Each structure stands twice: as C-alpha cells, then as structure tokens.
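For clarity, every value in this text was computed on a predicted model and none was experimentally measured. Values below: all heavy atoms of this structure, side chains included; hydrogens, waters and symmetry mates excluded.
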Amino acid sequence: MKKIVVLPGDGIGQEVCDAALPVFDLLQLPISLSFGDIGWECWCNGGDPVPTATWQQLEQADAVLVGAITSKGKQEAEQELASSLQGKGLRYVSPVIQLRQRLELFANVRPARHLSGARKPFHCVVIRENTEGLYAGMDRKGVPAQMQNWVRHPNIDRSGADNVAISVRLQTHFGLERLFKYAFDYARNNGHDRVTFADKPNVLRESGQFAADIFHSIAADYPGIRADIQNVDAVALWLVKRPETFGVIVAENMYGDILSDLAAGVMGGLGVAPSANFGNRICYFEPVHGSAPAMAGRGRANPAAMFLTISLMLRHLGFDTGALRVETAVSQVIREGRNLTYDLGGCASTNEMAQAVLSAVLQPHAIKRASILSIGDELLNGRTVNTNAAEIGRRLTDMGYAVGMQLGCLNQLPAIHSALDICLGQSDLIVVNGGLGPTPDDLTRDGVASALGKGLQLDDSAMRHIEQRLTGFGLRVHPLDRRQAMFPQGATILNNPNGAAPGFAIQWKDRDLLALPGPPNECLPMLDAWMKGESRVSRAIQHSWLLLGVTESDIAQAIGQCLQEAGANPKVSYRWRYPHVEVCITHFRQQDTEWLEKIDRMLAPHVVSKDGTSALAQLPQVMSGFTWVLNDEITGSDFAARLPASIGTTDKNGIQIRATATRDLAAPWQGVFAMQCQVQIDDNRWQYQIEVPHQGPEVVEYACEFLAWCLLRSVNAQRNYTSEENITV
C-alpha cells in the first residue's frame, strides 16, 4: 500500500484537488490518501506555512501531492500575519522552497506534450535545478565590505554600496553533476534521444564554462544520446517555433523556471502543465499553475494539470497502467473540445471538465480524427469545384473516422508545410489531395518531405509504371516525369491504375498520411484500395432526427436538461436545413441509454425521418398504390407540381386532403403564416396545424413539406390502426 499525503494548499489548489482526487477511487489502486496543511493560511494563523505536524506526515509518505500554494512579498507577509504574531521577527519562507531544500528535491521535472491545436505534435521536458542558481537565497540589499573588491560597476560608485541589490548565481560541481546525470537518465528511460543544456555561456563566461565542462563530462557516459549546449534565448525561440525538435532541456534554476512556463504555454497554458520534484528522498508533485487567489471560488480553474500531475505521480510509484488511463482521458476530453474550461476556449466549470475526465477514465473510447488537405490554386480561385473533399470525407466517415478539418492551400512550399503542421496537430490520419503531377508547380511531395523532415528519393518501379503508362498511350516520357516517381524516404507507394502519378502513404510518429493525385477518377479508387487494407476504426454510435415545426432553440434546452438529469455527456449538434432542424447525437456507450429513449419520445411529434430524408422525398415509396383528392388552398399548384408523376393526385375517390391557411403565401413577408391540414382515409380523420414565420417566398417550401409530412403521418397511422387527431406542432 502506497501512502500519499495530499496538501491542497491555497486558492484554486483546494478546488482542483476536490475535482480530481475521485480518480483514485476509479483506478482502485493500492493507495491510501491522507491530508495535511500547508500554505498561506498556516502562515497567517500560525506564523509557519509548513507546520511541524505536516513535516511529520511527510516522513511517513511515499509521495506528496500539492494543490497550489500562495507566496507573497516580505511586506505583505508581515501585514497579513495574525496581530499576535506581528513584530516577533518571523520570516516567511516559501513552502515550495522549504520542501525542495529540506527534502533535497534537486530536479524539477516539467513535461510538455502536444494535447491539441494547430501545431506539429511534440513531447519534451524541461528539467530545472531546484536548489542552486539565482534562487539559492543569496539575494541581498547592499554590497558588504568584504565583497566590494570584486563586485564593481560604475553605477555602484554613482549609487553607493548601500543602494545596491545583488544576487549570486550559485553553481556547484556537486549540484550540476547530479542534475546532468538525472537529465541523461531521464532521457534514456523515457525514450528521448537529445539533451540540451540551456545556459548563457557567451555572457556568463566563467560559470558557463564551469557548467559546460561538467555537462560534457556526464554526456560522454551516454553515447546514444545527442548532447548540446544552446543559449537560453535561442532555446526559448525554438521552443515556440519547433518544440518537436527538443527532447530533454536542462537548465539552472531561473532559466529553467522561465523555460518551463514557456513550454507550458506552448502546450496549452499553465492549466494543463504538470510538474514533479525529485531527489534522493520523498518526491512531491504539483500543477504548475499556482494558487491564483483571484480565481478562487469561481469554479473556473482547469483541473487538467492536476490530473496530469497525478499521472506523473502514479508512474513514479510504479502504476504505469493507471497513469496511462489518466493521460489518455485528459487527452480525449481536450481533443473532443466539448467540456473545456475558459483557458482552453470553452465554458465548462472546473467540476464539469473534471467529470468529463473521470467518465473517460471509467469508460475510455478511442477517437480517430482525420483531416483533408486539398492542394491547388484552381481550388481556391473558383476555377475548379472541390468535389474530392466531400467524397473523401464521406468515405473516411464510413470507415469510422471523425473528419475534423478540411483545408485548402496554394501550391507553395511554405503554405503546404504550414497546413500540414496544422493537420498533424489535429488528426490521426491526413489525406492530402492534389499536387502530385510532373510540373514545377506540383509541390505536394516536396512539402510533405519538408514537413516530416525527410528527403526525396526515386523509386525505380514507380518510374517504370509511369513510362509504361505514357508510352502505352503513345506519349513521350519527359525528364520532368521523373518527379512523379520521387517519394519521401520510408513512404509506401500507392499504385494508380487510372493515371500516371502514383500516390504514397507514410507514417510519422503515430500519424498516418496519404498523398493522392487530384483527378477524382484516380484519387477515389486509390483511397478505396488503401481502406480495404486498413482495419476499420471503432465507430461512435450516432442517432439523428430530421424535424419539422421547431427551431434549434425550441429543443436544445429540453435536450440539455434531459442529458444533465441522466448524467450523460454525448455530443449533440443542431443544424438548420430549411424548413427542417436536424439533431444529431453521438455517443460511445452501448448501455445506459434511457436518456436516448426519453429524447426520442420528446422529438417524436416533430419527426420527419431518422435518416435525413425529407417528407417529399419519402412520398414515392410510402404512397405507392394510393390515390387521393387534394384540395390545396395553401400552395395552389406548387405542392402537386413537386410530386412525381407516378403518385399524382386523382379526381376519383381516395384519400381526402384539405389544406388551408390563415393568409396567402404571397407578399407582404411579415408576421406568422398558419397552416391547417385535414386528412381523411376511410372513416379515420387526422387534423394538423402549424405556425411558421412568414419571412419570404421560401415559405412555400415549408408549406409543401408540411403537406407531405401530414400525408405520411396519416398513412402510417392508418396502417397501424391509430388515430392522431388535432396535432399541433
């Protein structure tokens, strides 16, 4: 049984702990939790932010989980002490510094990984020295006499030795050696092939060279890992532009502090950034975001950092499977994008996002996303209609992918590279269409190779296919045609039976990328052939309703309330397709769908179909063999004109239909247009009425669909021997 001491701390620390700690119950691991006190309230009321009782608890723990802790300046700390404690010379020392120094936690580890967003996926880590550097506590006002021989500067002479503040950057051989060794061990144990030391040796020449010598000495013991020293400002630049190029970044205390927050920003913000503090004894884990007193009690804090911090702790304790479940759940919720706090662009509360993560831990589901990138100037300037994107999207959806993005870009290398970065950041599968021809403006293969960091190489078998294809049609093979046989290194060639240009498939990390030629008769068969060789993705369960007589606002609140009462969290989308509203609900659970049955009953009075087919489109099949007498005072001849000839109206006895309205379909376009329809079949009679905005000539579409819907409902009711009188929608 592993013992974890939880120190919720201050501000939002309490909130994220309360939201995330239920994950331990779901994982059912041999872990016991106990709670202790730490932070600002302990200082204010007792004069010590880390009470003695807390230190005693820590001595018995296997790990410590900290929520967040408030630290304030010297003057504020004195003023907020209880009056009985003021003036007694008590000195506030940050609990974080106390924990790191007393427990000898020399390595602050802050992983940063891509969760979502328009950038190429990355996974790096900043390891910051915790006990030395500029944060070692050697910070004072005034230059003491014994230091004045070497602390010299013209401005000191102008200000006087007492009007100067100095800080000493402490770096010891002992401290740097253990830090660098830890960084290389971390890289080796976690699959990173590069360790970068971020420093400023071109300015801090003595301390920089001192650290560099130790770094290179340690690096020599790890021949399989690239080791380099970079200026900290350059590292900051490339962390923003190309974070995927880094593995482990190691730095002294202050530089590491700055770079780790920068990496968190690239990752998505402090709300998703976890951290761990390691040493030779007990370790502690905390989200990076701090206590944020101004946000406390508002339910807006992002719990993701706490969940990911818990995952770090579980890995440290040897519970790798549980850690992976938590990481996967957080990633799933962020990628779905439906239950995110404000800092990630959503409007969910702390508890709402936490509940979504907990649900994903309990019942995970794999979401495979796809992007479609269409390349070609002609698609953007309107000369060619991009029908390929729609067809590719339909095929990918049928295969089980969630198509989350369709992009178009010019045949320019920077545009292709940038678009691919966006797609790689969003999707598991990227289908690139177009730009594989032989001419200089066909740059897809070059753009893909550049974005993936690979070279191009000629494939002889592909070249033979191209030559045979061209000569078979009596065409000459040009030197430019060799471009169509060039592929990024490691690509699998996709044969093109209907054209000269082969496509290719290539994997990059855990992403799949397909590049297909532009002509539809070439790219779509090639996509179908590739899909036959791939296993289908686990599909979501989808339900849809095409409705008449309601707006999105009429039903969204009722559906939302139903889902909230059931504790269900499916994806719900609404689409206005005049004159219909289409509701689509997507979920991954086969069980616990009483809420679905309730929604189905709620929508039943308005349902036209559950497959998107309009009432008018259903008439030919449903009304086969029926005849009717139509007295249409609403549309005149419009409704009859829209019917197929095979099911036209008759002047003989049959179904009696009488349609009336309170006003004419014609202008002026204003107010409400009320329609009534009476349908009689044998001795059964049904009456329907509806009111719609009289906002323009398109209301005739509404009227025709309404009449078709009334007829369908009546025929179905007759077949089922039921009577639905006086239906109002």
Participant: Please assess Leu239 against Cys124 for the test side-chain contact (heavy atoms from CB on, under 4.5 Å), listing each intermediate value before the final yes or no.
Facilitator: CA-CA 10 Å; Leu239 255 180; Cys124 63; 4.2 Å; yes
Participant: Please evaluate residues Tyr342 and Asn302 with respect to the criterion side chain to side chain donor-acceptor pair (under 3.5 Å), reporting the C-alpha separation (whole Å), side-chain torsions for both, the decisive distance (0.1 Å), and the verdict.
Facilitator: CA-CA 8 Å; Tyr342 81 99; Asn302 188 340; over 6 Å; no
Participant: Answer whether the closest heavy-atom distance between the side chains of Leu65 and Val5 falls below 4.5 Å.
Facilitator: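 No, too far: nothing below the 4.5 Å cut-off.
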Participant: Is there a donor-acceptor contact under 3.5 Å from the side chain of Glu15 to the main chain of Gly297?
Facilitator: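 Indeed, once roles are kept as given, a pair shorter than 3.5 Å links the two residues.
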Participant: Between Leu85 and Cys44, what is the shortest heavy-atom contact and its length?
Facilitator: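 Residues Leu85 and Cys44, closest heavy atoms: CD1-O, 4.1 Å.
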Participant: Taking it one step at a time, do Gln507 and Asp512 satisfy side chain to side chain donor-acceptor pair (under 3.5 Å)?
Facilitator: CA-CA 5 Å; Gln507 284 192 323; Asp512 288 308; 3.0 Å; yes
Participant: When you check the gap from the basic side-chain N to the acidic O, do Arg325 and Glu327 get nearer than 4.0 Å?
Facilitator: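 Answer for the salt bridge query: no.
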Participant: Over 60° means perpendicular and under 30° means parallel, so classify the ring planes of Tyr222 and Phe184, tilted if in between.
Facilitator: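 Plane angle under 30°, so parallel.
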Participant: Could you walk me through whether Ile225 and His192 pass the side-chain contact (heavy atoms from CB on, under 4.5 Å) test, one step at a time?
Facilitator: CA-CA 8 Å; Ile225 298 174; His192 296 290; over 6 Å; no
Participant: Taking NZ, NE, NH1 and NH2 as the nitrogens, is one of them in Arg369 or Glu336 under 4.0 Å from a carboxylate oxygen of the other?
Facilitator: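 No, Arg369 and Glu336 are not salt-bridged.
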Participant: Whether the Glu129 and Thr131 side chains hold a donor-acceptor pair (N or O, under 3.5 Å, no angle test) is what I'd like checked.
Facilitator: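 There is such a pair between these side chains.
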Participant: Are the side chain of Arg102 and the backbone of Trp55 linked by a donor-acceptor contact shorter than 3.5 Å?
Facilitator: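 No; judged by distance alone, with no hydrogens or angles, the pair does not exist.
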Participant: Rounded to the nearest 0.5 Å, how far does CD1 of Ile31 lie from CE of Met1?
Facilitator: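 With rounding to 0.5 Å, CE (Met1) is 9.0 Å from CD1 (Ile31).
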Participant: Output all residues satisfying salt bridge (Lys or Arg N to Asp or Glu O under 4.0 Å) with Asp185, sequence neighbours left out; order by chain, then residue number.
Facilitator: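 Testing Asp185 for salt bridge (Lys or Arg N to Asp or Glu O under 4.0 Å), a comparison that skips the adjacent residues, returns Lys181, Arg188.
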Participant: Kindly check if the number of other-residue, nucleotide or ligand heavy atoms within 6.0 Å of NZ (Lys3) is above 12?
Facilitator: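 No, because the 6.0 Å sphere around NZ of Lys3 holds 12 heavy atoms or fewer from other groups.
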Participant: With salt bridge (Lys or Arg N to Asp or Glu O under 4.0 Å) as the criterion, how do Arg281 and Glu59 come out once you've worked through the C-alpha distance, each side chain's angles and the decisive distance to 0.1 Å?
Facilitator: CA-CA 10 Å; Arg281 302 170 60 194; Glu59 291 296 328; 3.4 Å; yes
Participant: Assess whether atom CD of Gln561 is packed by more than 12 heavy atoms of other residues, nucleotides or ligands within 6.0 Å.
Facilitator: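 Open: at most 12 neighbouring heavy atoms sit under 6.0 Å from CD of Gln561.
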Participant: Given 3.5 Å as the limit, does a donor-acceptor pair link the side chain of Glu132 with the main chain of Thr172, or not?
Facilitator: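 Yes; judged by distance alone, with no hydrogens or angles, the pair exists.
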Participant: What residues, two or more places apart in sequence or in another chain, satisfy ring pair (Phe, Tyr, Trp, His ring centres under 6.0 Å) together with Tyr92?
Facilitator: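 Partners of Tyr92 under the ring pair (Phe, Tyr, Trp, His ring centres under 6.0 Å) test: Trp40, Trp43.
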Participant: Are Arg169 and Asp139 close enough for a salt bridge, meaning some N to O gap below 4.0 Å?
Facilitator: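 Salt bridge flag = no for Asp139 with Arg169.
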Participant: Can Thr196 and Asp228 be said to form a side chain to side chain donor-acceptor pair (under 3.5 Å), step by step?
Facilitator: CA-CA 5 Å; Thr196 301; Asp228 61 311; 3.0 Å; yes
Participant: If you take the centroid of each ring, where Trp contributes its six-membered ring, are His316 and Phe278 closer together than 6.0 Å?
Facilitator: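 Yes - the distance between ring centres of Phe278 and His316 falls below the 6.0 Å cut-off.
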Participant: Determine yes or no for a side-chain-to-main-chain donor-acceptor pair under 3.5 angstrom, with Ser427 supplying the side chain and Leu424 the backbone.
Facilitator: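 Flag not set: sc Ser427 to bb Leu424 has no pair under 3.5 Å.
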Participant: Tell me every residue that passes ring pair (Phe, Tyr, Trp, His ring centres under 6.0 Å) with Tyr284, counting only those two or more places apart in sequence or in another chain.
Facilitator: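 Residues passing ring pair (Phe, Tyr, Trp, His ring centres under 6.0 Å) with Tyr284: none at all.
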Participant: Taking the side chain as every heavy atom from C-beta outward, state whether Ile585 and Lys571 have any atom pair closer than 4.5 Å.
Facilitator: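 Of all side-chain heavy-atom pairs linking Lys571 with Ile585, none is under 4.5 Å.
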Participant: Out of curiosity, Arg315 CZ to Asn190 CG, how far, rounded to the nearest 0.5 Å?
Facilitator: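 Between Arg315 CZ and Asn190 CG, I get 8.5 Å after rounding to 0.5 Å.
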Participant: Main chain of Val50, side chain of Thr54: is a donor-acceptor contact present, judged purely on distance under 3.5 Å?
Facilitator: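 Absent.
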Participant: Can you tell me how far apart CD (Gln57) and CD1 (Ile38) are? Round to the nearest 0.5 Å.
Facilitator: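 Going from the CD atom of Gln57 to the CD1 atom of Ile38 covers 10.5 Å.
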Participant: Using a 6.0 Å cut-off, check whether atom NZ of Lys200 has over 12 heavy atoms from anything other than its own residue.
Facilitator: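 Yes - once you tally the heavy atoms of other residues, nucleotides and ligands closer than 6.0 Å, there are more than 12.
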Participant: Is the backbone of Gly133 close enough, under 3.5 Å, to the side chain of Gln171 for a donor and an acceptor to pair up by distance?
Facilitator: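 Between the backbone of Gly133 and the side chain of Gln171 there is no qualifying donor-acceptor contact (under 3.5 Å).
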Participant: Distance check, rounded to the nearest 0.5 Å: Leu452 atom CG versus Leu513 atom CG?
Facilitator: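 Reported to 0.5 Å precision, the distance equals 6.0 Å.
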Participant: Test side-chain contact (heavy atoms from CB on, under 4.5 Å) on Val66 and Phe285 and set out the steps.
Facilitator: CA-CA 6 Å; Val66 180; Phe285 303 79; over 6 Å; no
Participant: How close do Pro570 and Arg338 get, heavy atom to heavy atom, and via which atoms?
Facilitator: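 Smallest interatomic distance, heavy atoms only, reads O-NH1, 2.8 Å.
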Participant: Would you call Glu252 and Arg128 a salt bridge, taking side-chain N to carboxylate O under 4.0 Å as the test?
Facilitator: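 No, no charged N to carboxylate O under 4.0 Å.
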Participant: Quick one: list whatever passes salt bridge (Lys or Arg N to Asp or Glu O under 4.0 Å) with Arg226, sequence neighbours left out.
Facilitator: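 Asp193.
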Participant: Just one of Val272, Val357, Val361, Val333 clears the side-chain contact (heavy atoms from CB on, under 4.5 Å) bar with Phe307, so which one?
Facilitator: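 The single option meeting the side-chain contact (heavy atoms from CB on, under 4.5 Å) with Phe307 is Val357.
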Participant: Could you tell me if the side chain of Val125 sits less than 4.5 Å from the side chain of Val109, heavy atoms only?
Facilitator: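 Answer yes - side chains close enough.
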Participant: Mind checking salt bridge (Lys or Arg N to Asp or Glu O under 4.0 Å) for Asp48 and listing every partner two or more places apart, or none if nothing turns up?
Facilitator: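 With sequence neighbours excluded, Asp48 shows a salt bridge (Lys or Arg N to Asp or Glu O under 4.0 Å) to no residue whatsoever.
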Participant: From Ile4 CD1 over to Leu314 CG, what is the distance, rounded to the nearest 0.5 angstrom?
Facilitator: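 Rounded to the nearest 0.5 Å, the CD1-CG separation comes out at 6.5 Å.
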Participant: Under the 3.5 angstrom rule, does the side chain of Ser291 hit a backbone N or O of Gly11 as a donor-acceptor pair?
Facilitator: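 The answer is no, because no donor-acceptor pair under 3.5 Å joins these two groups.
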Participant: Indicate yes or no: at least one non-hydrogen side-chain atom of Ser116 is less than 4.5 angstrom from one of Gln426.
Facilitator: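 A side-chain contact exists here, since the closest heavy-atom pair is under 4.5 Å.
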Participant: Working to the nearest 0.5 angstrom, can you tell me the gap between Lys72 NZ and Ser94 OG?
Facilitator: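 Atom-to-atom, Lys72:NZ and Ser94:OG are 13.5 Å apart.
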Participant: Side chain to side chain donor-acceptor pair (under 3.5 Å), that's the test. Do Asn130 and Asn277 meet it? Break it down for me.
Facilitator: CA-CA 8 Å; Asn130 252 348; Asn277 294 271; 2.8 Å; yes
Participant: Please report the C-alpha distance between Leu308 and Met267 in whole Å, then the side-chain angles of each, then the deciding distance to 0.1 Å, and finally whether the side-chain contact (heavy atoms from CB on, under 4.5 Å) criterion is met.
Facilitator: CA-CA 13 Å; Leu308 294 175; Met267 182 180 179; 4.0 Å; yes
Participant: Do side-chain atoms of Thr309 reach the backbone of Ala305 as a donor and acceptor pair under 3.5 angstrom?
Facilitator: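 Present.
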Participant: Determine whether more than 12 heavy atoms belonging to other residues, nucleotides or ligands lie under 6.0 Å from atom CD of Gln86.
Facilitator: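 Yes, enclosed.
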Participant: Ring centres of Phe180 and Phe197 under 6.0 Å apart?
Facilitator: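 Here the rings of Phe197 and Phe180 have centres that are less than 6.0 Å from each other.
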Participant: Would you mind checking if Glu286 and Arg100 are paired as a salt bridge, meaning a charged N to carboxylate O distance below 4.0 Å?
Facilitator: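 Yes, charged N to carboxylate O under 4.0 Å.
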Participant: Could you pull out the closest heavy-atom pair between Ala263 and Val126, with the gap in Å?
Facilitator: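 Heavy-atom minimum between the residues: CB-CG2, 4.1 Å.
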Participant: Holding to salt bridge (Lys or Arg N to Asp or Glu O under 4.0 Å), I want the full list of residues that pass it with Lys120, two or more places apart in sequence or in another chain.
Facilitator: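 Checked Lys120 against salt bridge (Lys or Arg N to Asp or Glu O under 4.0 Å); matches are Asp421.
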Participant: Quick one: does Ser349's side chain have a donor or acceptor within less than 3.5 Å of a partner on Glu352's backbone?
Facilitator: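 Flag set: sc Ser349 to bb Glu352 pair under 3.5 Å.
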Participant: Does either side chain, that of Asp343 or that of Thr341, offer a donor lying less than 3.5 Å from an acceptor on the other one?
Facilitator: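 The criterion, which ignores hydrogens and geometry beyond distance, is satisfied for Thr341 and Asp343.
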